[in-house]
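We count residues from 1, following the sequence as given. Reckoned from all heavy atoms, side chains included, excluding hydrogens, waters and symmetry mates.
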Amino acid sequence: MKLSILLTALATAIALPASAEESVKIGVILPMSGPFANYGKQIENGIRLYMKQQGDKVAGKKIELLLRDDTGPAPEVTKRHAQELIVKDKVDILAGFGLTPNGLAAAPLATEAKKPMIIMNAATSIITTKSPYIARLSFTLPQVTAPMATWAAKNGIRKVYTLVSDYGPGHDAEGQFKKTFSAAGGQIVGEVRVPLKSPDFSPYLQRIKDSQPEAVFIFLPAGEQGVAFMKGFVERGLDKAGIKLIATGDVTDDDVIEAMGDSALGVITSHHYSAAHDSALNKAFVKGYAEIDAKMRPNFMAVAGYDGMAAIYGALKKTNGSTDGDKIMAALKGMKLDSPRGPIMIDPETRDIVQNVYIRRVQKVDGKLYNVEFDKLEAVKDPGK
Ligand code: VNL
């Protein structure tokens, strides 16, 4: 009798650690060094904030993050990390992907291994079509560009020059702007694509000024490039020449807007997230974020990291902890979440995000620069599909 009790106790003692160690491994690939390092950090902070608020256990399993640095636009580095995470580390889910070329590079591996792949930034429309295991919790360039083109046409702007970064998201932005703006009666008076790596804006700015458009529409990947463009725009007197600057919110993103200084005041952009978004959920998000990282203000990438985790947690709850790729994808399709940016949904057909897009103006709030939302389009799907 005593022995059997002892044996039972012993068995329980042995079994417990084993079941407690059952985990869901998430391989997160992000730019943690190089020119986009801040953005990897933004996404990582968003992920960590969600886990801090919700705990690191879902459906009885422990969530384990394996973070890898892709160093910036480097598809071959991403591919190597994805391969190792799948084969060696045996991750259940891939996540992250700040840049389009990196997201595209990992897509075939997700398909082959049947691993869900949660996109937390990369925003070229086509990405979600590259694997049935991809779901996107960030945005697409056509999704945020079309509202900007519509707003411009409605507000009396007739002649626009476009300048975009010469890769996937830039091509998407240029194409969608042209399409929507022309359909609304606007005219494209010039267009230029600038290199993804360290563009020098001076010659382009001069050409734009000479062609006297009413506005210039730009897409540049979030970061230093927007700051450089804005500086040149003012230095070369394009603002004084009466040329308006309109853009997707990548350019005036919360991470760099303060570095732009007053030259950014009045710039109109369209995007899905601003740290100034007026909702209780966002106020809690911004406050929680400051406790994770006091040096940074959360931007659109932070919110995508946060929502990406919310989607993963939600899916695991629905599958009762099963990490089967097909079951997770089925759970993600049609999922609705309340995000700090507003209501979001994963389109069951495309696995891409459906969300509000806001029109914002750069203004000072308590002495700091913010994108203040003043108009919105509700439940916008990616028009690029
Ligand atoms: C991408 C799109 C990158 C938007 C960005 O910043 C951005 C991308 C780094 O898909 O590569 O603002």
Any chain of hydrophobic side-chain contacts (each under 4.5 Å) joining [X] to [Y]?
X	Y	value
L85	L104	yes
V286	I344	yes
V216	M260	yes
L94	I312	no
V380	F217	no

I need the minimum non-hydrogen distance between [X] and [Y], along with the two atoms involved.
X	Y	answer
L337	A310	CD1-CB, 4.1 Å
T111	K130	OG1-O, 4.0 Å
P75	P101	CB-O, 3.8 Å
Y204	P195	OH-CD, 3.7 Å
V251	A247	CG2-CB, 4.0 Å

Under 3.5 Å donor-acceptor pairs involving side-chain atoms of residues 151-167, not counting sequence neighbours:
{"residue": "N155", "atom": "ND2", "partner": "W151", "partner atom": "O", "Å": "2.7"}
{"residue": "R158", "atom": "NH1", "partner": "A153", "partner atom": "O", "Å": "3.4"}
{"residue": "D166", "atom": "OD1", "partner": "H171", "partner atom": "NE2", "Å": "2.6"}

When you measure from the side chain of [X] to the backbone N and O of [Y], does any donor-acceptor pair fall under 3.5 Å?
X	Y	value
E258	L369	yes
Y50	G308	no
D92	K25	yes
D69	S33	yes
S270	V144	yes
S182	K179	no
E224	P35	no
S274	A276	yes
Y273	A304	no
N102	A74	yes

Do [X] and [Y] have side chains that get closer than 4.5 Å, going by heavy atoms?
X	Y	value
L30	M120	no
I188	F177	yes
I328	K115	no
M329	P132	no
V256	N299	no
D254	Q42	no
Q176	P383	yes
D172	T145	no

[atom2] on [Y] to [atom1] on [X], rounded to 0.5 Å:
X	Y	atom1	atom2	value
K381	Q355	NZ	CD	13.5 Å
M301	E44	CE	CD	14.5 Å
D89	L66	CG	CG	5.5 Å
D338	L281	CG	CG	6.0 Å
I86	I93	CD1	CD1	12.0 Å
M117	I127	CE	CD1	7.5 Å

Side chain to side chain donor-acceptor pair (under 3.5 Å) evaluation trace for T140 with K385:
CA-CA 10 Å; T140 82; K385 300 253 159 46; over 6 Å; no

Might you work through the side-chain contact (heavy atoms from CB on, under 4.5 Å) test for D262 and K364, ending with a clear yes or no?
CA-CA 9 Å; D262 289 356; K364 277 204 174 143; 3.0 Å; yes

Evaluate E64 against S23 for side chain to side chain donor-acceptor pair (under 3.5 Å), listing each step before the verdict.
CA-CA 6 Å; E64 199 184 318; S23 65; 3.2 Å; yes

Expected list for residues 226-246: side-chain donor-acceptor pairs under 3.5 angstrom, two or more places apart:
{"residue": "R236", "atom": "NH1", "partner": "Q206", "partner atom": "OE1", "Å": "3.0"}

Could you tell me whether E291 and K52 have a side-chain N and a carboxylate O separated by less than 4.0 Å?
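Yes.
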
Is a salt bridge present between K79 and E76, judged by a nitrogen-to-oxygen distance below 4.0 Å?
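E76 and K79: not salt-bridged.
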
Option from K57, K62, K61 for which salt bridge (Lys or Arg N to Asp or Glu O under 4.0 Å) with E22 holds
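Only match with E22 under salt bridge (Lys or Arg N to Asp or Glu O under 4.0 Å): K61.
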
Name the one of L49, I118, I26, V28 that satisfies side chain to side chain contact (heavy atoms under 4.5 Å, CB included) with M309?
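Of the listed options, the one satisfying the test is I26.
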
For L137 and I346, run side-chain contact (heavy atoms from CB on, under 4.5 Å): C-alpha distance rounded to whole Å, both residues' side-chain angles, the deciding distance at 0.1 Å, then the answer.
CA-CA 8 Å; L137 274 295; I346 300 172; 4.0 Å; yes

Side chain to side chain donor-acceptor pair (under 3.5 Å) for S125 and D382? Distances and angles first, verdict last.
CA-CA 7 Å; S125 179; D382 175 29; 2.6 Å; yes

Please test D255 against M296 for side-chain contact (heavy atoms from CB on, under 4.5 Å), starting from the C-alpha separation and ending with a verdict.
CA-CA 7 Å; D255 201 74; M296 279 177 149; 3.8 Å; yes

Keeping to residues at least two apart or across chains, list the ring pair (Phe, Tyr, Trp, His ring centres under 6.0 Å) pairs with something in residues 105-139.
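Qualifying pairs: F139-H271, F139-H272, F139-F300.
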
Derivation and outcome, side-chain contact (heavy atoms from CB on, under 4.5 Å), residues Y39 and L99:
CA-CA 10 Å; Y39 296 101; L99 294 142; over 6 Å; no

Does the ring centre of H277 sit less than 6.0 Å away from the ring centre of F285?
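Ring centres of H277 and F285 not closer than 6.0 Å.
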
